[in-house]
Amino acid sequence: MAATPALGQHSLREQNIALVAREIFGAPTPPSRADVAASTGLTRATVSALVDRLIEARIVAELIPAPARRAGRPAVPLAPATGTIIGLGLEVNVGYLAGTVLDLSGATLATRTVPGDFHASDPATVLAQLGTLSADLLATARSMHDGARLAGVRVALPGLVDSATSTLRVAPNLGWAELSPVDTRAIAAHTGTAPIMIANEAKLAALAQVPVPGTTTEVPDSFLYVSADVGIGAAIVLDRELFRGGRGWSGELGHVVVDPAGPPCQCGATGCLEQYAGTDAVLRAAHLPRGSSVTDLLRAVARDDARATAALDRAGHALGAALADFVNLIDVPDILLGGAYSELADLLGPVILAELGTRVLSAPWSSFTVRRAPVGAGAATIGGARQSLDDVVDDPTPWLAGD
């Protein structure tokens, strides 16, 4: 067996500076240089030199020193820099376009949602609109922080995305197929040389639910995120990391078969879950007028409309049965409801829990939670912006002066 080549000095430095950056960004409270040295095992001198590089690159900032409890210089806390490097998350959904700009500290610098009807739309036309939206968002962010550098762009789409090539294979409800980053030139015209990646909207929305260090949001380390619009998206988070599957295609809950003899689906199959529990399907079953919303459905249920109540009940049982299959397979008992399901969580939750209790084999020895996702509106764009900024933390070297 050939010997493993030793790490070069440059590679070792890249690893160490990434280690230091991750430690600072992942700490629940702002650490000092001494804290970072203790937690990473690096010498204080090495940590101090690497921190200075991160400060010079405006990735990390020094905070006001805390009052010293004993003689000597007070420790200087370190934290993510604000307003220096930004990430842009964009989303195309059937009913809207959206975008969010975050900085390294997690602060929202700009966010916007543009309603529309993008079912069976032309990708080139829609991406041109998304490019205009990108320009507006970046202008707003940079009006507050002149000179902010763009780390990257994530475009969230409701479909099957090949994570290895960042290519949308198919988005049935948009009517799109085989879309790659090369096709996002209309966005790049407004975002410069920053990398543009395509990702599944439910997966990015799930990442937005993972609490940022230092926050008090109570979300389990492992959970199943489920969101609804016209279709149904899902994502599996295990130990705070997204489980992508072998090709990045995990979580296609909306196309789990509820009834093989059921109604045809946009994907070409029959009896898919989204034909029972997708919002369009539920609104149709409730006999609400075309163009009605989830709010209209809730109002109908509140006035004891029998058809609306039955439609929502049918959706809850179908969704609960499909989720029970997921829980049986992956043993994740905590479920977060996002998108339109967030508005329906109080009504759907008990029905889903009843199905889990009946259909999950381990139910007699388990407990389950079904709750509203803490990050609602714009979750996919928030997750996309975060992921672009995570790339900076995972590999700060390209952002350092002189490297």
Side-chain angles (χ1 to χ4, degrees), residues 89-100 111-134 154-161 168-179 183-184 186-187 198-206 208 225-235 251-256 263-269 272-286 288-297 311 315 319 337-344 373 376-384:
L90 301 171
E91 181 181 6
V92 180
N93 217 306
V94 175
Y96 60 86
L97 303 179
T100 298
T111 187
R112 188 179 170 197
T113 299
V114 181
D117 182 1
F118 302 102
H119 176 73
S121 56
D122 173 49
T125 301
V126 176
L127 292 174
Q129 293 177 256
L130 207 58
T132 301
L133 176 60
S134 301
R154 290 294 195 281
V155 181
L157 298 176
L160 200 64
V161 177
L168 173 75
R169 294 304 180 190
V170 63
N173 291 312
L174 291 178
W176 294 11
E178 299 304 327
L179 187 81
D183 300 307
T184 60
I187 299 173
I198 295 171
N200 173 266
E201 57 86 20
K203 290 180 173 60
L204 292 181
Y225 173 81
V226 187
S227 67
D229 205 296
V230 173
I232 298 171
E252 286 298 325
L253 181 70
H255 299 287
V256 168
C265 180
Q266 292 277 359
C267 72
C272 293
L273 175 64
E274 72 175 45
Q275 297 307 311
Y276 296 84
T279 53
D280 274 9
V282 177
L283 294 172
R284 284 196 305 270
L288 292 172
R290 185 175 178 81
S292 296
S293 66
V294 171
T295 300
D296 296 319
L297 175 66
L319 181 59
L337 301 179
Y341 288 154
S342 178
E343 300 177 65
L344 300 170
T381 64
I382 292 169

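Not measured: the values here are computed from a predicted model. For this chain, numbers begin at 1 and follow the sequence in order.
- Checked by atom type and distance alone, the side chain of Asn200 pairs as donor or acceptor with a backbone atom of Ala202 at under 3.5 Å.
- Considering only heavy atoms from C-beta on, Leu97 stays 4.5 Å or farther from Thr113 through its side chain.
- Note: Thr279 OG1 to Ile232 CD1 = 8.5 Å, rounded to the nearest 0.5 Å.
- Between Leu168 and Leu160 the shortest side-chain heavy-atom distance does not fall below 4.5 Å.
- Of all heavy-atom pairs spanning Ser227 and Tyr341, the tightest one is C-CD1, 3.9 Å.
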Please walk me through it: do Leu157 and Trp176 pass side-chain contact (heavy atoms from CB on, under 4.5 Å)?
CA-CA 10 Å; Leu157 298 176; Trp176 294 11; 3.9 Å; yes
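- In this structure the side chain of Leu344 never reaches within 4.5 angstrom of the side chain of Leu337, judged on heavy atoms.
- Closest approach of Gln266 and Gln275 over heavy atoms only: N-NE2, 4.2 Å.
- The two residues Glu252 and Gly159 make their nearest non-hydrogen contact at OE2-O, 4.1 Å.
- Residues passing the side-chain hydrogen bond (donor to acceptor under 3.5 Å, both in side chains) test with Asn173: none are found, sequence neighbours excluded.
- The minimum heavy-atom distance linking Val126 with Phe118 is given by the pair CG2-CD2, 3.7 Å.
- Side-chain contact check for Ser134 versus Leu90: some heavy-atom pair is nearer than 4.5 Å.
- To the nearest 0.5 angstrom, Arg154 atom CZ is 14.5 Å from Thr100 atom OG1.
- Two residues are said to be in side-chain contact when any heavy atoms from C-beta on lie closer than 4.5 Å; Gln129 and Val114 fail this criterion.
- Atoms CG and OG1, on Leu130 and Thr184 in that order, are 9.5 Å from each other to the nearest 0.5 Å.
- In this structure the side chain of Glu91 reaches within 4.5 angstrom of the side chain of Tyr96, judged on heavy atoms.
- Between Ala315 and Val282, the shortest heavy-atom contact is CB-CG2, 3.6 Å.
- The distance from atom CG of Leu174 to atom NE2 of His119, rounded to the nearest 0.5 Å, is 9.0 Å.
- The side-chain heavy atoms of Leu253 and Leu319, taken from C-beta on, include a pair separated by under 4.5 Å.
- Of all heavy-atom pairs spanning Thr381 and Gly378, the tightest one is OG1-O, 2.7 Å.
- Distance SG/Cys272 to NE2/His255: 6.0 Å, rounded to 0.5 Å.
- For the pair Ser292 (side chain) and Leu288 (backbone), a donor-acceptor distance under 3.5 Å is absent.
- Scanning for side-chain hydrogen bond (donor to acceptor under 3.5 Å, both in side chains) contacts around Ser293 gives Asp296, with sequence neighbours left out.
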